[in-house]
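Quantities reported herein were computed from a predicted structural model and do not represent experimental measurements. Below, each value reflects all heavy atoms present in this structure, side chains not excepted, and no hydrogens, waters or symmetry copies.
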Amino acid sequence: MKSLRSKCTDIPMSVKQKVFERDGGRCVICGNSYNVMPNAHILSRAKGGLGIETNIVTMCTMLTENKCHHRFDNGTKKDKEKILKIITRYMENIYPGWNIEEQKYKKWSDRNE
């Protein structure tokens with residue numbers, strides 16, 4: 001049985017569909033439209049990143065030359081920072097006031113503060 005946190009960080013198919021449409025079926029980093037998927041958490045699952053529309057973007061898979069999603073998750077610190085900066089600007093354009101900290105799972109006790 002999955003924990004509540006695990007359920008909250010999963011990406012439902014309905015969210016993937018909305019994100020893919022929002023991103024125009026293209027990687028938000030390089031603009032590629034081949035072998036892309038709307039399954040990249042901006043705030044990672046490991047850090048409690050929710051599987052919601054405002055925390056998911058479409059990125060290149062490992063099957064592309066750019067491998068944007070892989071570089072964001074496993075690249076150098078410089079790569080990760082550069083990609084996060086691009087994603088942050090992109091999300092702020094779409095969702096004025098967007099904040100990465102608001103994409104984090106909070107335990108029930110944390111929500112009441």
Side-chain angles (χ1 to χ4, degrees):
M1 183 171 190
K2 284 187 172 186
S3 69
L4 182 57
R5 177 183 169 161
S6 181
K7 288 179 186 178
C8 289
T9 61
D10 281 349
I11 311 169
M13 185 55 71
S14 61
V15 169
K16 289 181 181 186
Q17 290 169 338
K18 287 179 188 175
V19 169
F20 194 73
E21 186 176 306
R22 178 198 69 203
D23 297 343
R26 297 186 170 281
C27 174
V28 300
I29 303 304
C30 69
N32 177 43
S33 62
Y34 179 73
N35 279 325
V36 296
M37 293 189 70
N39 65 350
H41 284 75
I42 301 166
L43 181 65
S44 72
R45 287 183 70 155
K47 293 180 181 175
L50 297 168
I52 58 176
E53 192 176 333
T54 56
N55 190 46
I56 307 299
V57 290
T58 303
M59 292 178 107
C60 294
T61 68
M62 286 288 292
L63 301 174
T64 65
E65 185 178 324
N66 294 330
K67 298 178 174 76
C68 293
H69 191 174
H70 178 74
R71 287 185 311 135
F72 184 52
D73 287 347
N74 305 303
T76 65
K77 183 177 179 182
K78 187 176 179 178
D79 256 353
K80 292 178 183 186
E81 288 172 353
K82 181 181 176 184
I83 292 170
L84 181 58
K85 192 177 281 190
I86 293 167
I87 292 170
T88 299
R89 279 195 307 260
Y90 178 77
M91 295 304 279
E92 288 172 341
N93 257 351
I94 296 169
Y95 307 104
W98 181 88
N99 183 322
I100 197 164
E101 289 303 314
E102 293 172 6
Q103 312 313 310
K104 187 175 186 177
Y105 172 77
K106 295 179 180 82
K107 292 180 183 176
W108 181 256
S109 61
D110 294 342
R111 294 179 191 170
N112 295 326
E113 294 177 352

Passing option when Phe72 is tested against Asp79, Ile83, Ile29 for side chain to side chain contact (heavy atoms under 4.5 Å, CB included)
Ile83
How far apart are the closest heavy atoms of [X] and [Y], and which atoms are they?
| X | Y | value |
| --- | --- | --- |
| Asn66 | Arg71 | O-NE, 3.0 Å |
| Met91 | Trp98 | CB-CD2, 3.6 Å |
| Cys60 | Lys67 | CB-N, 4.2 Å |
| Pro38 | Val19 | CB-CG1, 3.8 Å |
| Ile87 | Met59 | CD1-CE, 4.0 Å |
| Cys30 | Cys68 | SG-SG, 3.9 Å |

Out of curiosity, Lys106 NZ to Glu102 CD, how far, rounded to the nearest 0.5 Å?
7.0 Å
Atom pair CG (Leu84) and CD1 (Ile42), whose distance is rounded to the nearest 0.5 Å:
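One finds 8.0 Å between CG of Leu84 and CD1 of Ile42.
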Sort and list the pairs that fulfil side-chain hydrogen bond (donor to acceptor under 3.5 Å, both in side chains) and have at least one residue in residues 44-65, not counting sequence neighbours.
Thr9-Arg45, Asp10-Arg45, Asp23-Thr58, Glu53-Tyr95, Thr54-Gln103
Check for me, please, whether Ile94 and Leu43 land in the same ILVMFWY cluster - side-chain distances under 4.5 Å, paths through other members count.
yes
My understanding is that a hydrophobic cluster links ILVMFWY residues whose side chain heavy atoms are under 4.5 Å apart, including indirect links. Using that, what else belongs to the cluster containing Met37?
none
What residues join Phe20 in its hydrophobic cluster, counting side-chain heavy atom gaps under 4.5 Å, either direct or through other members?
Val36
What do the steps show when you test Ile56 against Asn39 for side chain to side chain contact (heavy atoms under 4.5 Å, CB included), and what is the final call?
CA-CA 6 Å; Ile56 307 299; Asn39 65 350; 5.5 Å; no
Listed partners of Glu81 passing side chain to side chain contact (heavy atoms under 4.5 Å, CB included), at least two apart
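Scan of Glu81 (side chain to side chain contact (heavy atoms under 4.5 Å, CB included), adjacent residues dropped) gives Lys77.
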Not counting sequence neighbours, which residues clear side chain to side chain contact (heavy atoms under 4.5 Å, CB included) with Leu50? List them please.
Cys8, Ile52, Tyr105
Who pairs with Asp73 by salt bridge (charged side-chain N to carboxylate O under 4.0 Å, His left out), at least two apart in sequence or on another chain?
none
Around atom CD of Glu21, are there more than 12 heavy atoms of other residues, nucleotides or ligands at under 6.0 Å?
no
Please determine whether the number of non-hydrogen atoms from other residues, nucleotides or ligands lying under 6.0 Å from atom NZ of Lys16 exceeds 12.
yes
